[in-house]
Number of protein chains: 2
Amino acid sequence: MIDNLDKMILRALMTNARRSYAEIAKENGVSPATVHVRVEKMKQSGVITGAQLQVDAKRLGYDVTCFIGIILQQAGDYPKALAKLEALPEVTEAFYTTGQYSIFIKVMVRSIDDLQRLLIERIQVIDEIQSTDTLISLQNPISRDVEP
Amino acid sequence: MIDNLDKMILRALMTNARRSYAEIAKENGVSPATVHVRVEKMKQSGVITGAQLQVDAKRLGYDVTCFIGIILQQAGDYPKALAKLEALPEVTEAFYTTGQYSIFIKVMVRSIDDLQRLLIERIQVIDEIQSTDTLISLQNPISRDVEP
DNA sequence: TTTGAAAGTATTTAGGA
DNA sequence: TCCTAAATACTTTCAAA
């Protein structure tokens, strides 16, 4: 399904999604048309789902990143709780997890004050949520992709 | 520092980093050259840090995503422990956090067996680590960017 | 599946408003 | 700072191997 050339193309684009197919082609001894064909195939098969610009959240004013573990009143409340969390733009990731928490979310806000308001006024008021644990991130020293 | 046009450009590229500057220019009533200049400025000022292809980890064979909270022997062990974690390609994110854990990592592996091996043979053997808590993710229903 | 060639676009630079 | 215009480079299609 995915051969070595596909992997090379993924590796190239995962580090810099705006690199030209021409350049990647040259590096791998194939024609630009081939790179184009391979990328289209990986898009169609769902291996490639998109391309995101990476921005420095701090420079956009988001100084606080944190993780919140959520314990629900009942396990079956998951879809409702999730829908309510999705409506909060500060919630940038949500995971449905096993273990002590049912839902585990990543939140990015401008300040500790904003975090407190978000937690108290928008998250802890969600009926389906029983309690939350917050983990504030001070640094994000590793951030990278899986190996293709 | 960042004006409205910059934000529009970021919004466009954050959802699809391969969109053409020409198209973004047209949408915002400016010339392609202006978009180019703005992007270069945001790269130089560090607002834009790169562009990543998004891939479906499951289709690359990474079926298991999990979070591991790490408690260190001593707080000062952080740099050493981090360096050892960085050497493990399965560790795709690391956060230095306040609260019950010192380091909080995201791990992507091919199977639960691989997770077990990674935990026992590569992570729990790190001298500086006292103990770990693992949280397995079954789904990732929300995954998006902050608002610029 | 890959390619070369052609057509269509896009990027990037530079000069001038 | 932004634009237009021009040069260069890239992408994408397609017919053939």
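Just so you know, these numbers come straight off a predicted model, no measurement behind them. Lettering follows sequence order; numbering is per chain, from 1.
A heavy-atom distance below 4.5 Å is found between the side chains of B:Val107 and B:Val91. Counting heavy atoms from C-beta on, the side chains of A:Pro32 and A:Val35 never come closer than 4.5 Å.
The side-chain hydrogen bond (donor to acceptor under 3.5 Å, both in side chains) check on B:Asn4 picks up nothing, with sequence neighbours excluded.
Non-hydrogen atoms lying under 4.0 Å from DNA chain C are contributed by A:Val30, A:Ser31, A:Ala33, A:Thr34, all within residues 21-34 of chain A.
When the C1' atom of C:dT3 is taken as reference, atom CG of A:Leu5 falls 14 Å away, rounded to whole Å. Whole-Å rounding puts the A:Glu40 CD to D:dT13 C1' distance at 12 Å.
Counting heavy-atom neighbours within 6.0 Å of B:Arg122 CZ, excluding the residue itself, gives a total of 12 or less.
Between B:Arg18 and D:dT11 there is a side-chain polar atom (N or O) within less than 4.0 angstrom of OP1 or OP2. Between B:Arg38 and D:dC2, a side-chain N or O to OP1/OP2 separation shorter than 4.0 Å is present. Checking the phosphate oxygens (OP1, OP2) of D:dT11, no side-chain nitrogen or oxygen of A:His36 falls inside 4.0 Å.
For the pairing with B:Ile70, the side chain to side chain contact (heavy atoms under 4.5 Å, CB included) check across B:Thr97, B:Asp133, B:Leu82, B:Thr132 returns one residue only, B:Thr132. When each of B:Arg110, B:Arg117, B:Gln116 is checked for a side-chain hydrogen bond (donor to acceptor under 3.5 Å, both in side chains) with B:Asp114, only B:Arg117 meets the rule.
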